[in-house]
There are 2 protein chains.
Amino acid sequence: MRSRVWRVTTTLDLTPARDTDDCCPGASCELLDADESEALAQVFKALGDPTRVRLLRYLARSHDGTACACHLPAALGISQPTLSFHLGKLHDAGLVTREKRGRWVHWTVLPEALAGARALLGIDAWCTPDGCPPGCCPAGCC
Amino acid sequence: MRSRVWRVTTTLDLTPARDTDDCCPGASCELLDADESEALAQVFKALGDPTRVRLLRYLARSHDGTACACHLPAALGISQPTLSFHLGKLHDAGLVTREKRGRWVHWTVLPEALAGARALLGIDAWCTPDGCPPGCCPAGCC
DNA sequence: ATCTCATATTGACAATCGTCCATGTATGGC
DNA sequence: GCCATACATGGACGATTGTCAATATGAGAT
């Protein structure tokens with residue numbers, strides 16, 4: 001998770017699933033590229049823990065998106081190494097930056113790192129039971 | 001992850017971290033409630049795997065947000081039990097519904113289950129190094 | 001130089017995850 | 001009825017995760 005290979009996609013391979021089966025004659029929906037889905041999953045994995053959700057939201061509400069972590073172990077009810085572990089995870093995922101100021105470390109959100117996640121969750125482009133955007137995949141199957 | 005206890009928050013407890021320390025005199029940023037952050041983390045955890053990212057996006061691009069899974073093991077290069085495992089995870093997180101039609105199961109996205117995640121990631125309300133929305137927390141610390 | 005304090009790292013451990021094979025279950029077709 | 005098929009479940013197993021205690025690192029303060 002450092003490489004960013006956006007925009008690459010592959011189509012669902014529908015070469016004869018079973019020779020005599022006419023299931024899904026029209027379906028040809030795109031499947032997200034493996035690299036891109038891996039990168040997105042890394043971001044979501046970083047958010048997949050309640051402590052880290054709280055940390056990110058805390059930073060996202062702190063002035064300039066920056067705060068020190070000094071009071072957080074007590075506030076969150078976790079040990080200092082555990083806090084360090086979680087901030088490290090956010091950092092590894094590219095969601096925050098570290099900056100040492102004197103004796104303390106200040107953490108800052110990097111909102112642009114969430115662009116991919118936000119795009120995936122962007123409901124405007126979704127097909128839903130209530131309707132589909134133009135150009136969506138045909139209902140082809142079974 | 002079935003209980004939805006939104007909107008509850010708690011404030012950072014700044015009762016004397018250390019008696020004689022005047023660190024963070026003005027800081028009083030909100031920390032997301034434990035229940036709500038747990039619920040959000042469950043959703044993100046469900047998305048924290050490349051296969052599940054691909055599955056959700058596949059459904060989100062299929063007509064009416066619905067598709068059968070019949071061709072997916074081959075297309076994704078995974079076994080049928082593994083696919084079942086991942087779809088089960090998405091289902092447990094409330095992101096998709098199962099509907100048995102004849103011999104096949106059809107899966108449908110539930111976009112409203114992502115409302116919380118979308119709200120957290122909604123950059124408009126974020127403090128960033130480039131600026132803060134009105135009413136953000138004071139820079140108080142260290 | 002030494003001490004203090006904020007943070008990172010290491011090591012240990014239980015718990016969960018992702019994967020598959022083998023088997024169970026239910027549905028439709030004959 | 002019986003068989004084939006789509007999917008779920010149970011068991012196994014290695015890999016990863018989240019946690020803490022103990023320790024290391026590194027920067028101000030004295």
Side-chain angles (χ1 to χ4, degrees), chain A residues 1 16-24 34 37-38 41-55 67-93 96-108 141-142, chain B residues 1 16-24 27 34 37-38 41-42 44-55 67-93 96-108 141-142:
Chain A
M1 159 64 192
R18 289 183 356 277
D19 297 338
T20 59
D21 195 345
D22 61 348
C23 170
C24 305
S37 45
E38 177 64 48
Q42 288 300 323
V43 170
F44 287 125
K45 206 173 294 186
L47 295 172
D49 179 278
T51 298
R52 293 197 290 269
V53 166
R54 300 177 97 182
L55 287 173
C68 83
C70 38
H71 298 291
L72 290 173
L76 293 167
I78 59 178
S79 69
Q80 176 270 320
T82 299
L83 176 64
S84 192
F85 167 81
H86 286 299
L87 286 169
K89 288 277 185 185
L90 292 176
H91 187 249
D92 289 348
V96 301
T97 55
R98 279 175 42 96
E99 184 200 354
K100 198 152 192 175
R101 290 192 207 163
R103 206 162 13 177
W104 290 276
V105 172
H106 281 237
W107 299 88
T108 304
C141 193
C142 313
Chain B
M1 160 63 193
R18 289 181 357 276
D19 297 337
T20 57
D21 195 346
D22 61 349
C23 170
C24 305
S37 44
E38 177 65 47
Q42 289 300 323
F44 287 125
K45 206 172 295 185
L47 294 172
D49 179 279
T51 298
R52 294 197 290 271
V53 167
R54 300 177 96 180
L55 286 173
C68 84
C70 37
H71 298 291
L72 290 174
L76 292 167
I78 59 179
S79 70
Q80 176 269 318
T82 299
L83 176 64
S84 192
F85 167 80
H86 286 299
L87 286 168
K89 287 280 183 183
L90 291 175
H91 187 250
D92 289 349
V96 300
T97 55
R98 278 177 42 99
E99 185 202 351
K100 197 153 192 176
R101 290 190 206 164
R103 206 159 15 175
W104 290 277
V105 172
H106 282 237
W107 299 88
T108 303
C141 192
C142 312

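Just so it is clear, the structure is predicted and the values come from calculations on it, not from any experiment. The basis for the numbers below is simple: all heavy atoms, side chains too, and nothing from hydrogens, waters or symmetry mates. Chain letters run A, B, ... following the sequence lines, proteins first, then strands; residues in each count from 1.
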Between [N] atom [atom2] and [X] atom [atom1], what is the distance in whole Å?
| X | N | atom1 | atom2 | answer |
| --- | --- | --- | --- | --- |
| B/Glu99 | D/dC7 | CD | C1' | 15 Å |
| A/Trp104 | C/dC5 | CH2 | P | 11 Å |
| A/Arg101 | D/dG28 | CZ | P | 13 Å |
| A/Lys89 | C/dT9 | NZ | P | 13 Å |
| B/Gln42 | C/dC17 | CD | P | 8 Å |
| B/Asp92 | D/dT9 | CG | C1' | 13 Å |
| A/Trp107 | C/dA6 | CH2 | P | 16 Å |
| A/Arg103 | C/dA8 | CZ | P | 15 Å |

Under the side chain to side chain contact (heavy atoms under 4.5 Å, CB included) rule, collect the residues that match up with B/Arg98, sequence neighbours excluded.
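With sequence neighbours excluded, B/Arg98 shows a side chain to side chain contact (heavy atoms under 4.5 Å, CB included) to B/His91, B/Val105, B/Trp107, given in chain and number order.
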With A/Lys89 via side chain to side chain contact (heavy atoms under 4.5 Å, CB included) - residues at least two apart
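Result, side chain to side chain contact (heavy atoms under 4.5 Å, CB included) vs A/Lys89: A/Arg52, A/Phe85.
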For a quick test of reading the model: is some side-chain N or O of A/Arg52 closer than 4.0 Å to OP1 or OP2 of D/dG18?
yes
Under 4.0 Å between a side-chain N/O of A/Ser84 and OP1 or OP2 of C/dT7, yes or no?
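A/Ser84 to C/dT7 OP1/OP2: no side-chain N or O under 4.0 Å.
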For [X], side-chain hydrogen bond (donor to acceptor under 3.5 Å, both in side chains) partners two or more places apart:
| X | result |
| --- | --- |
| A/Ser84 | none |
| B/Thr82 | B/Ser79 |
| A/Thr108 | A/Thr66 |

On a heavy-atom basis, which atom in A/Ala34 and which in B/Arg54 lie closest, and how many Å separate them?
N-NH2, 3.8 Å
Let's see if you can work this out: which of D/dG26, C/dC17, C/dA8 has an atom nearest to the side-chain heavy atoms of B/Lys45?
C/dC17
What does the list of N/O pairs under 3.5 Å between the protein and nucleotides 19-23 of chain D look like, with a distance for each?
| residue | atom | partner | partner atom | Å |
| --- | --- | --- | --- | --- |
| D/dT19 | OP2 | A/His86 | NE2 | 2.3 |
| D/dC20 | OP2 | A/Ser79 | N | 3.2 |
| D/dC20 | OP2 | A/Ser79 | OG | 2.9 |
| D/dC20 | OP2 | A/Thr82 | OG1 | 2.4 |

Nearest 0.5 Å please: distance from the OG1 atom of B/Thr51 over to the CD1 atom of B/Ile78.
5.0 Å
